[in-house]
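Notes follow the structure.
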Amino acid sequence: MPFLDTDCVRLYVQVVGERGLPIIFVNGWAATCQMWLPLVKRLSRSYRCVLYDPRGTGRSLATALGTTFEVEDAVADLHAVLRYVQGWDAHVVGQGTGAVVSLLAARERPQNFSSLTLIGTECLPPPTGRDREAETDLLWTQARVLLQEAATLPYVRQLLLWRYRRVPEPHRTQLYEDFAATDPRAAYGLAQSIRDVVIRLRFWEALRQVPLPILLVRGALDDVLSSTTHRDMFDCIQRGQTATVREAGHLPTLEYPDECAELLQNFFRTESLPAYRP
């Protein structure tokens, strides 16, 4: 069955491919698993690709009053999906906010994973002093617009078109439609949670603590993840690689799927180990 029922949400889960180690893909903010299809088309020949819509997006719906949509909830959902598909020893590939969720899940249970790939990670270092007051965040702006309906539809479209302006069609339109259909509580809750100083501290601590091989990927033209932050992340990890996709923006997996598929396969072959089991 394509749906996983938990206490408060029904998650849409899709598995493509029947052989090889599993790869679990964790979506970026307000995106459905459609964002991974060009990459999955290439990887499913050798791997069991597991896709799911995060709570409040696409076909995954809240089923209980009081359902929350914070980073901790997304981490719990990732663990639930892994158990549901029996995806032990999985490679986990996360994009944007999904990269944060992936790393924090691996920090909790590294024994379940073989490697991590973090693409265009959306988690800045914890702000200090006046930086906290001066900080502006496109992710937060989009969530506020969606929740409060404070702008016209064309304005929302322009925000998304700027963010994903380098993504080719029809994927750019799909990302916009995903955003427009997202449960406002889910968009707002995750955006607010990802900005929390405690979550940021946990993320940067996890970079230093997680014993798994980590591949850090950034598009050379990414406006969301700076080259400085990307380098700072690499300086933290215990083992792994860093890669920059030339001429790509925030979503290199949609802009250059062939290059990204080759990048992942090389990383899986050369760096990843059987899952850590104490």
- Item | Gap separating the CG atom of Leu175 from the OH atom of Tyr164, nearest 0.5 angstrom | 5.5 Å
- Message: Tell me the closest heavy-atom pair linking Leu212 and Pro110, and the distance in Å.
- Response: CD2-O, 3.9 Å
- Item | From Leu43 atom CG to Thr253 atom OG1, the distance as rounded to the nearest 0.5 Å | 10.5 Å
- Message: For Gly249, is there any backbone N or O sitting under 3.5 Å from a side-chain donor or acceptor partner on Glu255?
- Response: yes
- Expected output: side-chain Thr57 to main-chain Asp53 donor-acceptor under 3.5 Å: no
- Supply the atom-to-atom distance Leu61 CG to Arg10 CZ, rounded to the nearest 0.5 angstrom. 8.5 Å
- Message: Taking the basic N atoms (NZ, or NE/NH1/NH2) and the acidic carboxylate oxygens, is any pair closer than 4.0 Å for Arg202 and Asp196?
- Response: no
- Task: Report yes if the side chains of Leu82 and Arg109 come closer than 4.5 Å at any heavy-atom pair, otherwise no.
- Result: no
- Item | Donor-acceptor pair, side chain of Thr244 and main chain of Gly219, under 3.5 angstrom | no
- Message: Quick check for you: to the nearest 0.5 Å, what is the distance between Ile24 atom CD1 and Arg48 atom CZ?
- Response: 8.5 Å
- Item | Under 3.5 Å donor-acceptor, Arg55 side chain and Thr68 backbone | yes
- Task: Report the C-alpha separation of Ser102 and Val93 in whole Å, then their side-chain angles, then the decisive distance to 0.1 Å, and conclude whether the side-chain contact (heavy atoms from CB on, under 4.5 Å) test is met.
- Result: CA-CA 7 Å; Ser102 301; Val93 180; over 6 Å; no
- Query: Does the side chain of Thr121 come within less than 4.5 Å of Met233's, by heavy atoms?
  - Reply: yes
- Item | Pairing residues for Phe203 by the ring-ring contact (aromatic ring centres under 6.0 Å, His included) criterion, not counting sequence neighbours | none
- Note on the structure: Distance col, row Glu122:CD vs Thr229:OG1, nearest 0.5 angstrom, shows 12.0 Å
- Report yes or no: does Arg218 contribute a side-chain atom to a donor-acceptor pair with the main-chain N or O of Leu225 at less than 3.5 Å? yes
- Query: Tell me, do Val85 and Pro22 make a side-chain contact under 4.5 Å, heavy atoms counted?
  - Reply: no
- Note on the structure: With sequence neighbours left out, the residues meeting salt bridge (Lys or Arg N to Asp or Glu O under 4.0 Å) with Glu108 are none
- Message: What I want to check is whether the side chains of His230 and Thr242 have a donor and an acceptor closer together than 3.5 Å.
- Response: yes
- Query: So is Arg185 actually on top of Phe69's ring, under 6.0 Å and inside 45° of the axis?
  - Reply: no
- Just wondering, are more than 12 heavy atoms of other shown residues or ligands nearer than 6.0 Å to CD in Gln86? yes
- Query: Is atom CD of Glu205 surrounded by more than 12 heavy atoms (other residues, nucleotides or ligands) closer than 6.0 Å?
  - Reply: yes
- Take atom CG in Asp7; do more than 12 heavy atoms of anything else shown fall under 6.0 Å from it? no
- Task: In plain terms, say whether Arg246 and Glu259 are close enough for a salt bridge, that is, a side-chain N and a carboxylate O under 4.0 Å apart.
- Result: no
- Task: Evaluate the side-chain proximity of Phe268 to Ser114: yes if any heavy-atom separation is below 4.5 Å, no if none is.
- Result: no
- Message: Would the distance check show the side chain of Arg19 and the main-chain N or O of Arg45 forming a donor-acceptor pair, the cut-off being under 3.5 Å?
- Response: yes
- Query: Donor-acceptor pair, Arg208 side chain versus Trp204 backbone, under 3.5 Å?
  - Reply: yes
- Is Ser115 close to Leu215 at the side-chain level, that is, under 4.5 Å between some pair of heavy atoms? no
- Task: Output the distance between atom OH (Tyr188) and atom CG (Asp183), rounded to the nearest 0.5 Å.
- Result: 14.0 Å
- Would you find a donor on one side and an acceptor on the other, under 3.5 Å apart, between the side chain of Glu169 and the backbone of Thr173? yes
- With side chains defined as the heavy atoms from C-beta onward, is the minimum distance between Arg166 and Glu247 less than 4.5 Å? no
- Using atom types as modelled and distance alone, determine if a side-chain donor or acceptor of Ser193 lies under 3.5 Å from a backbone N or O of Val71. yes
- Message: Can you confirm whether the side chains of Gln34 and His171 place a donor and an acceptor under 3.5 Å from each other?
- Response: no
- Query: Looking only at atom types and distance, does a side-chain atom of Thr97 sit under 3.5 Å from a main-chain N or O of Trp29, one as donor and one as acceptor?
  - Reply: yes
- Task: Please lay out, stage by stage, how Tyr84 and Tyr52 fare under the test ring-ring contact (aromatic ring centres under 6.0 Å, His included).
- Result: CA-CA 11 Å; Tyr84 180 65; Tyr52 69 100; over 10 Å; no
